[in-house]
Amino acid sequence: MPVIGVLALQGNVREHVQALEAAGATARPVRRLPEIEAADGLVIPGGESTTLWRLADAFELLDPIRKLIAGGMPAFGSCAGMIMLADRLLDGAGGQRTFGGIDMTVRRNAFGRQVDSFERQVTLDVGSGEPFPAVFIRAPWVEQAGPGVVVLGTDGGRIIAVRQCALLATAFHPELTPDRRVHELFVSIVKGTS
Ligand code: GLN
């Protein structure tokens, strides 16, 4: 069974640990670099990306995690985690940095200007392909995706789920609803079977 670390700086850590376990992985919160390096994959939870950035910077994790991801470590980010995996960021706080890894431009709080949080069914090309109940909380969207990025989901024409090789990102929070297809996909990516 792969061991997946959930970056435990801030955000929905416990929910991701439970979702990963339900999806067939061993999951644990990780905070120190050796724990992160020892994991087979990394989940970056939703929360607040400016806080994740500041804490990662303060704990000297920003560049090491950036290097691990650039070196091929599988990673999945939801919401603020999607922002952290973006190579380019719009509407970030001054100086805000990300881990990067996915060749995409993400607009922070993109849905938030219209309505802060909502849940609706979205089209998702994951597992059975059935509509997915997606919870959006001051969510970003993908404004532009490079040629190597596979779009897995859209909502009203906006890109809200992507994959680039072993990197997966959703604008919504699959850890907050019972449908485990997104976590199952990430576990299979970590196992190398997808
Ligand atoms: N708007 C938040 C940010 O900038 C993300 C919100 C979330 O993760 N639910 O990080």
Side-chain angles (χ1 to χ4, degrees), residues 4 6-7 9-12 16 41-54 56-57 61-114 117-118 120 122-127 129 132 134-175 181-183 185-186 188-190 194:
I4 299 179
V6 180
L7 187 62
L9 296 175
Q10 191 251 352
N12 297 338
H16 271 295
L42 183 67
V43 168
I44 305 157
E48 171 52 51
S49 62
T50 54
T51 306
L52 286 172
W53 155 56
R54 289 199 177 92
D57 197 30
L61 291 172
L62 201 63
D63 288 317
I65 292 178
R66 161 178 282 273
K67 284 196 188 103
L68 286 170
I69 291 171
M73 180 178 225
F76 164 43
S78 60
C79 201
M82 168 184 256
I83 294 172
M84 293 305 292
L85 287 175
D87 280 348
R88 296 171 297 280
L89 179 58
L90 296 172
D91 292 340
Q96 182 172 354
R97 291 182 60 205
T98 66
F99 300 132
I102 301 182
D103 178 15
M104 62 179 175
T105 305
V106 164
R107 185 177 292 279
R108 186 169 159 258
N109 297 340
F111 287 100
R113 279 189 239 106
Q114 298 165 17
S117 20
F118 55 94
R120 64 175 166 239
V122 298
T123 315
L124 209 59
D125 188 14
V126 171
F132 194 95
V135 175
F136 294 85
I137 305 169
R138 292 180 61 77
W141 66 47
V142 179
E143 194 117 338
Q144 180 268 336
V149 178
V150 179
V151 174
L152 294 179
T154 55
D155 176 67
R158 297 293 180 182
I159 301 171
I160 45 97
V162 292
R163 175 177 176 183
Q164 180 185 308
C165 302
L167 303 178
L168 182 66
T170 60
F172 56 91
H173 291 268
E175 74 281 10
R181 276 180 284 156
V182 174
H183 288 84
L185 171 61
F186 185 59
S188 67
I189 290 172
V190 174
S194 173

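One is the number of the first residue; the rest follow in order along the sequence. Side-chain atoms are counted along with the backbone in the values below, which use heavy atoms only and exclude waters and symmetry mates.
Minimum interatomic distance between S78 and E175 (heavy atoms only, all atoms of both residues): OG-OE1, 3.5 Å. The heavy-atom pair separating M82 from P140 by the smallest distance is SD-CG, 4.0 Å. Scanning both residues, T98 and M84, for their nearest heavy atoms gives CB-O, 3.4 Å. Taking both residues in full, the closest heavy atoms of I69 and G101 are given as CG2-CA, 4.1 Å, listed atom of the first, atom of the second, then distance. The two residues V122 and D155 have their closest heavy-atom pair at CG1-OD1, 3.7 Å. Closest approach of V149 to Q164, counting heavy atoms only: CG2-OE1, 3.4 Å.
Taking 4.5 Å as the limit, every side-chain heavy atom of V106 sits out of range of all side-chain heavy atoms of W141. Between S194 and R163 the shortest side-chain heavy-atom distance falls below 4.5 Å. Taking the side chain as every heavy atom from C-beta outward, L42 and L68 never approach each other to under 4.5 Å. Contact annotation: the side chain of I65 approaches that of L7 to within less than 4.5 Å [non-hydrogen atoms, C-beta and beyond]. Under the 4.5 Å side-chain criterion, counting only non-hydrogen atoms from C-beta, R88 is in contact with D103.
Atom-to-atom distance recorded for L124:CG and T154:OG1 is 9.0 Å, nearest 0.5 angstrom. Atoms CD1 and OG, from I44 and S49 in turn, are 11.5 Å apart once rounded to the nearest 0.5 Å. Taken to the nearest 0.5 Å, the CZ atom of R54 stands 8.5 Å off from the CD atom of E48. For the atom pair L152 CG and T170 OG1, the distance stands at 10.0 Å (nearest 0.5 Å). Distance check: F118 CZ to F136 CZ gives 5.0 Å after rounding to the nearest 0.5 Å. With values rounded to the nearest 0.5 angstrom, L167 atom CG is found 8.0 Å from F186 atom CZ.
When the options R108, Q96, R107 are evaluated for a side chain to side chain donor-acceptor pair (under 3.5 Å) with D91, the one that passes is R107.
Ring geometry for H183 against F76 counts as perpendicular: the plane angle is over 60°, on a 0 to 90° scale with 30° as the lower cut.
A salt bridge links R97 with D63; the closest basic N to acidic carboxylate O contact falls under 4.0 Å.
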| field | Audit row: L61, L9, side chain to side chain contact (heavy atoms under 4.5 Å, CB included) steps and yes/no | value | CA-CA 10 Å; L61 291 172; L9 296 175; 4.1 Å; yes
